[in-house]
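Residue numbers start at 1 and run along the sequence shown. Remember, it's a predicted structure, so these values are computed and weren't measured experimentally. Just so you know, these numbers use all the heavy atoms, side chains as well, and skip hydrogens, waters and symmetry mates.
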Amino acid sequence: QPRASGRATNGKGRAIMKKLLTISVIAGSLVLVCLAAAWALLFPPYRPLAPTGPHAWATARYSYVDEGRLDPFRDDGAPRVIHVTFWYPQDAAAGETCPLALFSHGGLGTETSNESLFMELASHGYVVGSIAHPYHALYTKNEGGHITLVDKTYFQELQREDARRDPEQSYRYYQEWMATRTADINFALDTILQKAAAGEGGVYSLIDGGRIGMIGHSLGGSAALAMPRRRDDIAAVIALEAPFLDDIVGVADGAFVWRDEPYPVPALNIYSDSSWAHLDEWPQYGRNAQFLADPPPTAVSLHLPGTGHFSLTDLALASPRLTRLLEGGRPGADYQTYLRQVNQACLAFFERELKGEPSR
């Protein structure tokens with residue numbers, strides 16, 4: 001009898017286990033379906049804005065190894081490797097050269113963060129090189145397909161930094177971040193110009209080393225603004241909501257100390273609603289507030305109202321819902337129209353400063 005009872009119990013146990021497994025499979029499938037649905041809602045099919053210029057465009061991507069610099073984020077003695085994706089006119093006439101615009105992404109951005117802008121510029125006869133800064137980007141991918149995620153310590157620094165509460169700590173962070181970014185940009189630009197001068201084909205044959213502009217968003221914009229202070233071949237800079245971090249030279253009596261030298265090249269500073277009302281409140285934006293109150297002859301401060309910080313990038317197209325979440329609402333925002341305004345302002349500025357064409 002006990003044996004018979006045991007067989008019955010085992011049979012019931014197997015039936016219960018089978019039901020539990022079935023429930024687990026169903027529950028897991030529902031979770032996957034929900035995650036997929038949530039992902040689809042957050043990231044619908046991404047379509048960059050159609051460029052308006054007369055040129056067809058193409059892309060190319062290269063990795064550059066800086067044998068003279070160790071990667072500060074690695075402990076194995078490996079050299080720093082950066083990646084550059086180019087957007088360029090595919091149908092340029094033989095012998096024709098184009099201005100070069102180098103882009104530096106935001107604090108947690110990617111090299112494709114402003115793809116619509118890159119396509120727009122390329123369609124109007126520019127070579128655009130967007131730099132992927134490994135460990136400063138949300139992620140980068142090398143030529144072999146390996147993905148490098150953002151550095152944990154750097155990410156924590158971004159969250160911890162507060163210029164009003166601790167300007168000394170912020171100043172240390174700014175110096176460290178700018179050192180990494182500007183070294184990457186210097187190396188990328190030197191490498192590109194060397195290849196162009198050496199007569200390498202492809203995209204390098206299109207580059208006019210005498211007409212160079214810098215663009216950047218957020219922290220990348222700060223790095224872009226720093227470059228004319230460090231080299232004399234930059235002709236113009238566009239900063240998408242970015243403070244002049246490299247112009248801070250110290251801290252005294254709890255306040256930032258700013259360099260005295262005038263800014264050396266024309267600069268376009270574009271602001272969204274996120275920062276416009278706070279330029280004179282946020283210490284790191286002190287130079288921006290000064291440019292607004294007493295602008296140099298070649299400086300332009302442009303406020304494009306209606307949206308926030310991330311709407312200055314293609315994230316607003318790739319994930320309108322996430323952009324609204326990050327920017328605190330704005331359900332009526334027209335991100336496509338807004339980004340067209342951003343891109344057209346950038347194009348008009350470079351047309352004037354790099355091509356010498358009158359403003360439209």
Across all chains, not counting sequence neighbours, the side chain to side chain donor-acceptor pair (under 3.5 Å) partners of Trp276 are His303
- Check: Tyr62 and Val203 side chains under 4.5 Å, non-hydrogen atoms: yes
Shortest non-hydrogen pair, Ala242 vs Asn288, comes out as O-ND2, 2.9 Å
- Is Phe187 reachable from Phe86 through a run of hydrophobic residues whose side-chain heavy atoms are each under 4.5 Å from the next? yes
Treating Ser311 as the side-chain partner and Tyr335 as the backbone partner, does any N or O pair qualify as donor plus acceptor under 3.5 Å?
no
In short, side-chain hydrogen bond (donor to acceptor under 3.5 Å, both in side chains) pairs touching residues 243-254 with sequence neighbours left out are Arg229-Asp247, Arg230-Asp246, Asp247-Arg259, Asp247-Arg287
**Message:** I want to check something: taking the side chain as every heavy atom from C-beta on, are Leu100 and Leu189 in contact at a cut-off of under 4.5 Å?
**Reply:** yes
Heavy-atom closest pair (Leu240 atom, Leu312 atom, distance to 0.1 Å) is CD1-O, 3.9 Å
Output for pair (Ser218 OG, His309 NE2), nearest 0.5 Å, gives 3.0 Å
Do the side chain of Glu327 and the main chain of Phe310 share a donor and acceptor less than 3.5 angstrom apart?
-> yes
### Task
Give a yes or no on whether Leu225 and Ile238 share a hydrophobic cluster (residues Ile, Leu, Val, Met, Phe, Trp, Tyr; joining criterion: side-chain heavy atoms under 4.5 Å apart).
no
Between Phe155 and Val150 the two heavy atoms that sit nearest each other are CB-CG2, 4.4 Å
Heavy-atom closest pair (Leu70 atom, Gly77 atom, distance to 0.1 Å) is CD2-O, 3.4 Å
Rounded to the nearest 0.5 Å, the CG atom of Asp151 sits from the CZ atom of Phe73 at a distance of 5.5 Å
So the salt bridge (charged side-chain N to carboxylate O under 4.0 Å, His left out) pairs with at least one residue in residues 194-216 (sequence neighbours excluded) are Lys195-Glu200, Asp208-Arg211
Original post:
side chain to side chain contact (heavy atoms under 4.5 Å, CB included) between Leu219 and Leu245: does it pass, once the steps are laid out?
Top reply: CA-CA 9 Å; Leu219 186 59; Leu245 297 184; 3.9 Å; yes
To the nearest 0.5 Å, atom CD of Glu353 lies from atom OG1 of Thr298 at 7.5 Å
So ring-ring contact (aromatic ring centres under 6.0 Å, His included) across residues 225-249, not counting sequence neighbours, yields Phe244-Tyr263, Phe244-Phe291
Glu120 side chain vs Thr52 backbone, donor-acceptor pair below 3.5 Å: yes
Test Tyr88 against Ile207 for side chain to side chain contact (heavy atoms under 4.5 Å, CB included), laying out the working first. CA-CA 9 Å; Tyr88 61 93; Ile207 293 171; over 6 Å; no
dist Gln284:CD -> Ser170:OG (nearest 0.5 Å) comes out at 7.0 Å
Phe103 meets the ring-ring contact (aromatic ring centres under 6.0 Å, His included) criterion, sequence neighbours left out, with Phe118
| query | Is a side-chain donor-acceptor pair under 3.5 Å present for Tyr154 with Glu176? | reply | no
Discussion item. Taking Leu292 as the starting point, is it possible to reach Phe349 by hopping between hydrophobic residues whose side chains are less than 4.5 Å apart?
Written reply: no
Is the His278 to Tyr285 ring centre distance short of 6.0 Å? no
Rounded to the nearest 0.5 Å, the CG atom of Leu339 sits from the CG atom of Asn114 at a distance of 7.0 Å
Residues pairing under salt bridge (charged side-chain N to carboxylate O under 4.0 Å, His left out) where one sits in residues 77-91, two or more places apart or in two chains, turn out to be Asp71-Arg80, Arg80-Asp184
Could you walk me through whether Ile185 and Met214 pass the side chain to side chain contact (heavy atoms under 4.5 Å, CB included) test, one step at a time?
CA-CA 10 Å; Ile185 295 170; Met214 286 296 313; 3.9 Å; yes
Would the distance check show the side chain of Thr182 and the main-chain N or O of Ala223 forming a donor-acceptor pair, the cut-off being under 3.5 Å? no
N/O donor-acceptor pair under 3.5 Å between Tyr338 side chain and Leu304 backbone = yes
When hydrophobic residues are tied together by side-chain contacts of less than 4.5 Å, even through go-betweens, does Leu158 share a cluster with Tyr173?
yes
Applied to residues 93-113, the side-chain hydrogen bond (donor to acceptor under 3.5 Å, both in side chains) test, sequence neighbours excluded, yields Arg61-Glu111, Thr85-Glu111, Ser104-His133, Ser104-Arg181, Thr110-Thr112
Residues at least two apart in sequence or cross-chain that pass side-chain contact (heavy atoms from CB on, under 4.5 Å) with Ala235, listed by chain then number, are Leu354
Contacts of His55 meeting ring-ring contact (aromatic ring centres under 6.0 Å, His included) (sequence neighbours excluded), chain-then-number -> none
- Report yes or no: do Val342 and Phe350 belong to one cluster of Ile/Leu/Val/Met/Phe/Trp/Tyr joined by side chain heavy-atom distances under 4.5 Å? yes
Closest non-hydrogen atoms of Pro48 and Leu317, given as atom of the first, atom of the second and distance, are CA-CD1, 4.2 Å
Residues at least two apart in sequence or cross-chain that pass side-chain contact (heavy atoms from CB on, under 4.5 Å) with Asp190, listed by chain then number, are Gln194, Arg231
The side chain to side chain donor-acceptor pair (under 3.5 Å) partners of Trp177 (sequence neighbours excluded) come to Glu157
Quick note, side-chain hydrogen bond (donor to acceptor under 3.5 Å, both in side chains) partners involving residues 137-150, not counting sequence neighbours, are none
Could you walk me through whether Tyr271 and Leu302 satisfy the side chain to side chain contact (heavy atoms under 4.5 Å, CB included) test, starting with their C-alpha distance in whole Å, then the side-chain angles of each, then the deciding distance to 0.1 Å, before giving a yes or no? CA-CA 6 Å; Tyr271 304 98; Leu302 177 62; over 6 Å; no
Minimal heavy-atom distance between Ala122 and Pro89, with the atoms involved, is O-CG, 3.4 Å
To the nearest 0.5 Å, atom CG of Leu49 lies from atom CG of Leu117 at 10.0 Å
